[in-house]
Amino acid sequence: MPVHNSDIADIFSEVADLLDIEGANEFRVRSYREAAQSIENLSSNIADLVDEDKDLTELHGIGESIADKIREIVETGKLEQLEEIKKRVPEDLIQLLNLSGLGPERVKDLYQKLSIKSLDDLKKAAKNEKIRELEGFGEKTENKIKKELERLGGEEEKRTKLIRAEEYAEPLVSYLDELEEIKKIIIAGSYRRRKETVGDIDILVTCSDSEPVMDRFVKYDDVEEVISKGDTKSSIRLKIGLQVDLRVVKEKSYGSALLYFTGSKSHNIKLRERAIDRDLKINEYGVFPEGKEKPVAGKTEEEVYDIVDLEWIPPEIRENRGEIEASENGKLPKLISLDDLKGDLHCHTTYTDGVDSIEEMARAAKDLGHKYLAITDHSKRVTVAEGLDAKELAKQIEEIDKINEKLNDFTILKGVEVDILEDGSLDLPDDILKELDIRVCSIHYKLDLSSEKQTRRILKAMENQYFNIWAHPTDREIHKRDPIDINMDKIMSEAAGRNICMEINSSPRRLDLNDIHSKMAKERGIKIAISTDSHTKDNLKNLKYGVNQARRGWLEADDVINTKSAGEIIKMMKK
DNA sequence: GCCGTTTTCGGCCCGACTGTTTTCAGTCG
């Protein structure tokens with residue numbers, strides 16, 4: 001059973017949480033958290049690095065001790081240290097940390113003084129009004145715990161998909177913006193970094209007077225609960241469960257505040273450390289020389305970066321994944337933008353499970369400013385979509401030729417989304433595949449094969465000369481389906497060697513490849529197709545979500561094939 | 001536990017809000 005990066009990261013997070021509750025040195029706890037994050041952010045498979053006997057301490061946040069522990073986990077599947085800690089601290093206490101308002105100190109108190117070991121214990125103690133009797137706790141705290149228990153119902157809180165967050169954040173911003181006191185208003189946080197999911201919404205405001213802004217904020221129609229309200233900071237929870245934080249700062253602090261509230265946290269910490277090296281202090285109000293109260297920068301983000309000798313870094317890559325070093329060395333990527341894309345390379349029509357005809361799809365794409373659209377209906381194995389056999393596909397090819405004659409300055413590419421069967425063969429014979437301009441290959445069945453079998457399946461499929469683009473490579477669906485288990489390192493090496501492209505599927509429920517894998521593909525020289533996998537005309541607009549992901553993966557126009565013309569793409573797909 | 005163009009020891013990002021306190025610890029982002 002191969003050990004995944006996320007397994008190792010989870011173990012270290014657990015160690016951190018339990019040590020924290022136990023009252024261990026906070027910096028030691030932080031080390032485990034940072035190691036976990038560092039591993040989570042890693043593009044290559046850490047188990048492979050161990051097999052290759054690489055020096056793990058070269059990774060940021062990983063020293064001798066944690067490197068040993070990683071090796072132990074890879075070799076034995078578990079960490080003895082964690083088993084030991086669990087003997088001292090009940091592991092279910094970690095769930096208590098999910099309740100807003102409960103941190104390690106309070107959880108420790110609850111455990112030591114009331115023998116609370118689980119959410120159930122906590123529920124009972126709250127019901128019997130035992131918690132309010134504890135020193136440092138009170139009636140309000142107890143009530144808050146009760147409320148939180150009810151709200152979460154034992155379920156782990158899920159982050160909200162970006163597209164859904166947009167639906168709620170934008171009207172709220174418009175509502176606030178009606179106030180004449182407001183000068184600037186912007187959504188910061190992971191929303192601005194265009195992360196696929198957001199934990200909450202952070203709104204930053206500059207204004208002439210904060211009082212009416214805060215008042216209006218907490219009176220918003222969709223508010224379920226006011227979590228806090230102050231002069232410069234207020235938090236609410238919307239009825240759908242999404243938390244929104246509002247921060248008000250002065251105009252002269254706008255840049256440093258925006259930087260701070262955009263994050264990521266680890267990016268900011270890196271910047272602050274950099275400032276300390278220069279005898280400066282960065283906070284949300286500006287950049288201050290040691291001991292001075294007058295800021296030397298802060299009005300714009302550029303100013304703040306500049307004063308620590310960095311170029312401005314686009315929000316999407318502020319994840320402490322090497323962007324600060326790149327900025328320092330003038331090596332920041334020139335990130336791709338939606339305007340760079342000339343067309344879309346994956347969609348479906350009424351031939352299979354799409355709802356619009358070939359011509360309707362093509363005209364809609366043209367209206368969006370595209371120069372081409374690849375029609376890639378399913379192959380026969382995908383029976384739920386009534387996938388096409390060779391004969392039906394031949395008929396579609398003929399129809400596309402006819403429609404292409406009618407269209408000016410637009411090309412419909414003849415394609416298919418051919419299924420990769422369990423044995424690694426493609427679902428249609430070569431003699432029909434060769435008639436096409438482009439072939440998108442993907443898996444829809446047997447997603448639960450072992451890593452070894454699944455990897456072999458894809459590697460085998462890639463031997464086919466008509467394997468052009470590997471679509472929605474991991475088959476994950478956000479919050480719904482885990483990625484398939486594969487050795488991505490190995491497959492990407494193969495793809496790179498065979499000039500096979502990989503897809504960033506822009507469907508908001510997929511966004512597959514994700515940001516980390518996109519960056520990994522770029523580093524290996526693999527070209528990417530950003531495609532919508534549209535099943536309706538309207539879906540064609542989703543391309544922007546794929547671009548978000550591509551930007552988060554450091555992709556530049558040159559890394560993405562649909563920045564090229566239709567002619568160039570057809571040429572690239574012929575091998 | 002990690003890290004190092006002043007360090008192998010002594011630091012480790014920084015501030016707002018809440019509730020329980022009478023000056024602050026805990027939590028959060």
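Heavy-atom basis, side chains included; hydrogens, waters and symmetry copies ignored. Values in this document were obtained by computation on a predicted structure and should not be read as measured data. Below, chain A is the first sequence line, B the second, and so on; all start at residue 1.
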| task | Any chance you could lay out the side-chain contact (heavy atoms from CB on, under 4.5 Å) test for I131(A) and K146(A), step after step, and finish with the verdict? | result | CA-CA 10 Å; I131(A) 295 171; K146(A) 273 188 190 162; over 6 Å; no

Listed nucleotide nearest any side-chain atom of [X], set [options]:
X	options	answer
R106(A)	dC13(B), dT27(B), dC2(B)	dT27(B)
H60(A)	dG19(B), dC3(B), dT27(B)	dC3(B)
F27(A)	dC14(B), dA16(B), dG1(B)	dG1(B)
D200(A)	dA16(B), dG29(B), dC3(B)	dG29(B)
Q243(A)	dA16(B), dG29(B), dG1(B)	dG29(B)

| dT8(B): pairing nucleotide in any strand, Watson-Crick or G-U under 3.5 angstrom |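 Matched dT8(B) with nothing under the 3.5 Å cut-off.
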
Heavy atoms under 4.0 Å, any strand shown: does [X] hit a base, just sugar-phosphate, or nothing?
X	value
E142(A)	nothing
F261(A)	nothing
E34(A)	nothing
S235(A)	nothing
L99(A)	sugar-phosphate
K108(A)	nothing
N268(A)	nothing
K144(A)	nothing

| field | Residue that, paired with E323(A), satisfies side chain to side chain donor-acceptor pair (under 3.5 Å) out of H267(A), K331(A), R318(A) | value |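 Between E323(A) and the candidates, side chain to side chain donor-acceptor pair (under 3.5 Å) is satisfied uniquely by H267(A).
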
Output the rounded distance in Å from [atom1] ([X]) to [atom2] ([N]).
X	N	atom1	atom2	value
K140(A)	dC17(B)	NZ	C1'	12 Å
D20(A)	dG26(B)	CG	P	12 Å
L59(A)	dC2(B)	CG	C1'	13 Å
D109(A)	dT20(B)	CG	P	14 Å
E105(A)	dT21(B)	CD	C1'	17 Å
K233(A)	dT27(B)	NZ	P	15 Å
R33(A)	dC2(B)	CZ	P	15 Å
D202(A)	dC17(B)	CG	P	15 Å

Please tell me if [X] has a side-chain N or O lying less than 4.0 Å from either OP1 or OP2 of [N].
X	N	value
K69(A)	dG1(B)	yes
R28(A)	dG1(B)	yes
S234(A)	dC17(B)	no

Would [X] and [Y] pass as an ion pair if we require N to O under 4.0 Å?
X	Y	result
R71(A)	D68(A)	yes
R151(A)	E148(A)	yes
E196(A)	R552(A)	no

| task | Name every residue in residues 276-286 of chain A that has at least one heavy atom under 4.0 Å from any atom of DNA chain B, in order of residue number, or write none if there are no such residues. | result |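 Only I276(A), K281(A), I282(A), N283(A), E284(A), Y285(A) qualify.
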
[atom1] atoms of [N] and [M], separation to the nearest Å:
N	M	atom1	result
dT20(B)	dG26(B)	C1'	11 Å
dA16(B)	dG10(B)	C1'	29 Å
dT5(B)	dG1(B)	P	23 Å
dC13(B)	dC3(B)	C1'	16 Å
dC2(B)	dT7(B)	C1'	14 Å
dT8(B)	dC12(B)	C1'	16 Å

| Given Y254(A) and K183(A), is the side chain to side chain donor-acceptor pair (under 3.5 Å) satisfied, shown in steps? | CA-CA 11 Å; Y254(A) 180 74; K183(A) 290 180 190 159; over 6 Å; no

| query | What is the glycosidic conformation of dT7(B): syn, defined as within 90° of 0, or anti? | reply |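 Chi for dT7(B) falls in the syn range.
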
| Just by distance, with hydrogens left out, do S506(A) and N542(A) show a side-chain donor and acceptor under 3.5 Å apart? |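 S506(A) vs N542(A): no donor-acceptor pair found between side chains.
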
| said: With nearest nucleotide decided by heavy atoms, which residue, I269(A) or K229(A), maps closer to the 5′ end of DNA chain B? | reply: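 Going by which nucleotide is closer to the 5' end, it is I269(A).
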
| Residue closer to the 5' end of DNA chain B, T232(A) versus S65(A) (nearest nucleotide) |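 Per heavy-atom nearest nucleotide, the more 5' residue is S65(A).
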
| query | With a distance cut-off below 6.0 Å to the six-membered ring centre and an angular limit of 45° from the axis, does R193(A) pair with Y191(A) as a cation-pi contact? | reply |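 No, R193(A) and Y191(A) do not form such a contact.
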
| Passes side-chain contact (heavy atoms from CB on, under 4.5 Å), I186(A) versus I203(A)? Steps please. | CA-CA 6 Å; I186(A) 184 169; I203(A) 301 175; over 6 Å; no

| request: Begin with the C-alpha distance, continue with both residues' side-chain angles, and end with the deciding distance and a verdict on side-chain contact (heavy atoms from CB on, under 4.5 Å) for K69(A) and I11(A). | output: CA-CA 10 Å; K69(A) 285 166 186 166; I11(A) 288 177; over 6 Å; no

